[in-house]
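Structure first, commentary second.
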Amino acid sequence: RVRGVRTDHQCGRMKNRRERNLLRGANKDVKHLVRAALEQGWSMDLTGGGHLRLKSPDGKSTVSTSLHSSVLNRAVQNFRAQLRACGVDV
């Protein structure tokens, strides 16, 4: 599990190679949304089923998505809507 992942605000890249590997092969729109959430203090980890889970800084909100089925435009739109509903500025 990876917790407390943060991005480097100056270069826009993830600091840890392990976190970059978690998003390898993911849709570029999903990567953009995840990076936006991480920059706002959210944490990231993987579920047992291989889905990506984002947790809010206060721990009250959780948003999940599949990394590989997110090629579908509707899945990306739903993920974006869920993040917005939880207060992420995307």
Are L46 and L52 close enough that some pair of their side-chain heavy atoms sits under 4.5 Å apart?
-> yes

Going by heavy atoms in the side chains, are V34 and F79 under 4.5 Å from each other?
-> yes

Could you tell me the separation between the CG atom of L83 and the CG atom of N78, rounded to the nearest 0.5 Å?
-> 11.0 Å

Using side chain to side chain contact (heavy atoms under 4.5 Å, CB included) as the criterion, list what pairs up with D29, not counting sequence neighbours.
-> N27, V76

Measure the spacing between CG of L23 and CZ of R35 and express it to the nearest 0.5 Å.
-> 6.5 Å

How far does OG of S64 sit from CZ of R53, to the nearest 0.5 angstrom?
-> 6.0 Å

Atom of W42, atom of S56 and distance for their closest heavy-atom approach | CE3-N, 3.3 Å

Kindly compute the distance separating CZ (R80) from CG (L33), expressed to the nearest 0.5 Å.
-> 5.0 Å

Could you go step by step and tell me if R74 and Q77 meet the side-chain hydrogen bond (donor to acceptor under 3.5 Å, both in side chains) rule?
-> CA-CA 5 Å; R74 174 47 63 198; Q77 290 175 353; 3.2 Å; yes

With D89, which residues qualify under side chain to side chain contact (heavy atoms under 4.5 Å, CB included), at least two apart?
-> Q40

Do you know which two heavy atoms are closest between S61 and C86, and how far apart they sit?
-> CB-SG, 3.9 Å

How close do A37 and V88 get, heavy atom to heavy atom, and via which atoms?
-> CA-CG1, 4.0 Å

